Amino acid sequence: MGFCGWADVNERNKIYHDNEWGVPVHDDKKMFEHLMLECMQCGLSWDLMLKKREVFRSCFDGFDYDKIAEYTDADIERILNTEDMIKSPRKIVAVINNARCFQKVREEFGSFCDYIWAYSGNKTILYSGHSKLGGKIPVSNGLSKTISKDLKKRGFKYVGEVTIYSHLQACGIINDHDETCPCYKRINAANQTVNKRKDMEVY
């Protein structure tokens, strides 16, 4: 099914591409999982994140941000000692920190989804030229830079503009599927979209 080049790495990536990537997320728990996978990916491959996803879910109570926000040093030790887990104390501490920041955003806006989707007017953004076959997809842009800056101000860690651009693609705020890919049309048909010009693209 997948016609986006990166999805052909292996079956794991194909399944993720065909069923999740770019599909608009409006559930806070799922949104938190997407965002934390992006945070943990920093310096690593996305394929490794998908490979270890079940380990992450096991370590972090299925990405339940309320439970994670209550984690103590004992939980950090437990996670570090879990087989096949990424041995990065800084990233584990960042996930706990981000869960607490996530709660504060929810308190202020009602939900994290309401907060982040407001940046696109609750519509999936189609940037001109992105989905053309052979078109260049940026690693960050003006929107991801703006959101990154705001999240950092709110205390979030590992949320640089490149990480946030990947997150916006993953959770459907930006549709960067190739226009020849069935997912591109399927997502656009099922959701409200808005066409925008390129926005301070970085390649």
Side-chain angles (χ1 to χ4, degrees), residues 2-7 9 13 16-18 20-28 30-47 49-50 91 94 98 101-102 105 109 111-203:
F3 290 103
C4 295
W6 62 267
V9 176
N13 275 268
Y16 173 70
H17 165 275
D18 293 351
E20 281 190 85
W21 194 70
V23 176
V25 173
H26 295 284
D27 173 79
D28 270 7
K30 196 170 182 183
M31 183 69 81
F32 183 73
E33 177 173 350
H34 270 291
L35 184 57
M36 290 310 100
L37 286 173
E38 298 291 353
C39 292
M40 286 190 286
Q41 190 210 344
C42 289
L44 302 169
S45 73
W46 182 249
D47 186 52
M49 296 303 100
L50 293 179
K91 286 185 179 178
N98 289 350
C101 295
F102 198 88
V105 172
F109 294 89
S111 79
F112 188 89
C113 288
D114 285 348
Y115 158 77
I116 200 162
W117 276 97
Y119 281 98
S120 70
N122 294 305
K123 294 177 180 178
T124 294
I125 300 169
L126 309 175
Y127 283 112
S128 60
H130 281 207
S131 299
K132 298 289 184 194
L133 194 60
K136 287 178 75 180
I137 303 294
V139 295
S140 70
N141 73 348
L143 179 62
S144 73
K145 188 174 184 177
T146 298
I147 296 174
S148 166
K149 194 174 176 183
D150 192 65
L151 288 174
K152 285 177 180 176
K153 204 188 298 177
R154 294 174 183 277
F156 284 81
K157 305 292 183 189
Y158 287 96
V159 288
E161 57 195 82
V162 173
T163 296
I164 295 304
Y165 191 85
S166 293
H167 177 63
L168 297 177
Q169 291 175 306
C171 71
I173 290 175
I174 297 172
N175 185 354
D176 270 345
H177 281 280
D178 288 346
E179 61 182 16
T180 55
C181 175
C183 297
Y184 180 76
K185 289 178 181 173
R186 191 184 74 226
I187 290 166
N188 292 347
N191 301 277
Q192 284 192 306
T193 62
V194 59
N195 289 283
K196 290 195 175 186
R197 291 181 179 180
K198 292 183 178 182
D199 177 18
M200 295 167 59
E201 315 286 66
V202 177
Y203 296 98

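Any value given below was found using the heavy atoms of this structure, including those in side chains, with hydrogens, waters and symmetry copies removed. Just so it is clear, the model here is predicted, and its values are computed rather than measured.
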Open item on the list: Test your reading of the model: is there a side-chain donor-acceptor pair from Lys91 to the backbone of Tyr158, 3.5 Å cut-off?
Closed with: no
- [ ] Verify, without hydrogens or angle tests, whether Ser148 (side chain) and Val159 (backbone) share a donor-acceptor contact under 3.5 angstrom.
- [x] yes
- [ ] Check for a donor-acceptor pair, side chain of Asp178 on one end and backbone N or O of Thr180 on the other, with a separation under 3.5 Å.
- [x] no
- [ ] Indicate the ring-plane relationship of Tyr16 and Trp46, choosing parallel, tilted or perpendicular according to the 30° and 60° boundaries.
- [x] tilted
Task: Verdict with supporting geometry, Lys157 and Cys101, side chain to side chain contact (heavy atoms under 4.5 Å, CB included) - done: CA-CA 9 Å; Lys157 305 292 183 189; Cys101 295; over 6 Å; no
Open item on the list: Could you work out, with salt bridge (charged side-chain N to carboxylate O under 4.0 Å, His left out) as the rule, every residue matching Asp27, not counting sequence neighbours?
Closed with: none
Task: Euclidean distance, Asp199 CG relative to Ile174 CD1, rounded to 0.5 Å - done: 8.5 Å
TODO: List the atom of Ser111, the atom of Asp114, and the distance in Å for their closest heavy-atom pair.
DONE: OG-N, 2.9 Å
TODO: Report yes if some heavy atom in the side chain of Tyr184 is under 4.5 Å from a heavy atom in the side chain of Cys4; otherwise report no.
DONE: no
Open item on the list: Are there over 12 heavy-atom neighbours, none belonging to Lys198, within less than 6.0 Å of that residue's NZ?
Closed with: yes
Task: Atom pair CG/CE of Leu37 and Met49 - distance to nearest 0.5 Å - done: 7.5 Å
Enumerate donor-acceptor pairs with a distance under 3.5 Å from any side-chain N or O in residues 165-173 to protein atoms, sequence neighbours excluded.
unit_1: Tyr165; atom_1: OH; unit_2: His130; atom_2: ND1; d: 3.3
unit_1: Tyr165; atom_1: OH; unit_2: Asp176; atom_2: OD2; d: 2.6
unit_1: Ser166; atom_1: OG; unit_2: Val162; atom_2: O; d: 3.4
unit_1: Gln169; atom_1: NE2; unit_2: Asp176; atom_2: OD2; d: 2.9

Task: Rounded distance [0.5 Å steps], CG in Asp28 versus CD in Glu33 - done: 13.0 Å
Open item on the list: For a side chain to side chain contact (heavy atoms under 4.5 Å, CB included) check, start with the C-alpha distance between Cys181 and His17, then their side-chain angles and the critical distance, and finish with the verdict.
Closed with: CA-CA 10 Å; Cys181 175; His17 165 275; 3.5 Å; yes
TODO: Using the test side-chain contact (heavy atoms from CB on, under 4.5 Å), find all partners of Asp150 that sit at least two apart in sequence or belong to another chain.
DONE: Tyr115, Tyr119, Lys153, Arg154
Task: Rounded distance (nearest 0.5 Å) linking atom OG of Ser140 with atom CD1 of Ile147 - done: 12.0 Å
Open item on the list: Under the criterion side chain to side chain contact (heavy atoms under 4.5 Å, CB included), I'd like the reasoning laid out for Trp117 against Met31: C-alpha separation, chi angles, the key distance, then a yes or no.
Closed with: CA-CA 11 Å; Trp117 276 97; Met31 183 69 81; 3.8 Å; yes
Open item on the list: As an exercise, state the distance from CD1 of Ile164 to SG of Cys39, rounded to the nearest 0.5 Å.
Closed with: 6.5 Å
Task: Ile125 backbone acceptor or donor facing Lys196 side chain under 3.5 Å - done: no
Task: Beyond-backbone contact of Gln192 with Asn122, side-chain heavy atoms, under 4.5 angstrom - done: no
TODO: Please tell me if the side chains of Thr193 and Asn175 come closer than 4.5 Å, counting only heavy atoms from C-beta onward.
DONE: no
TODO: Please round to the nearest 0.5 Å and tell me the distance separating atom CD1 of Ile187 and atom NE2 of His177.
DONE: 4.0 Å
Task: Evaluation steps, side chain to side chain contact (heavy atoms under 4.5 Å, CB included), between Tyr127 and Leu143 - done: CA-CA 11 Å; Tyr127 283 112; Leu143 179 62; 3.7 Å; yes
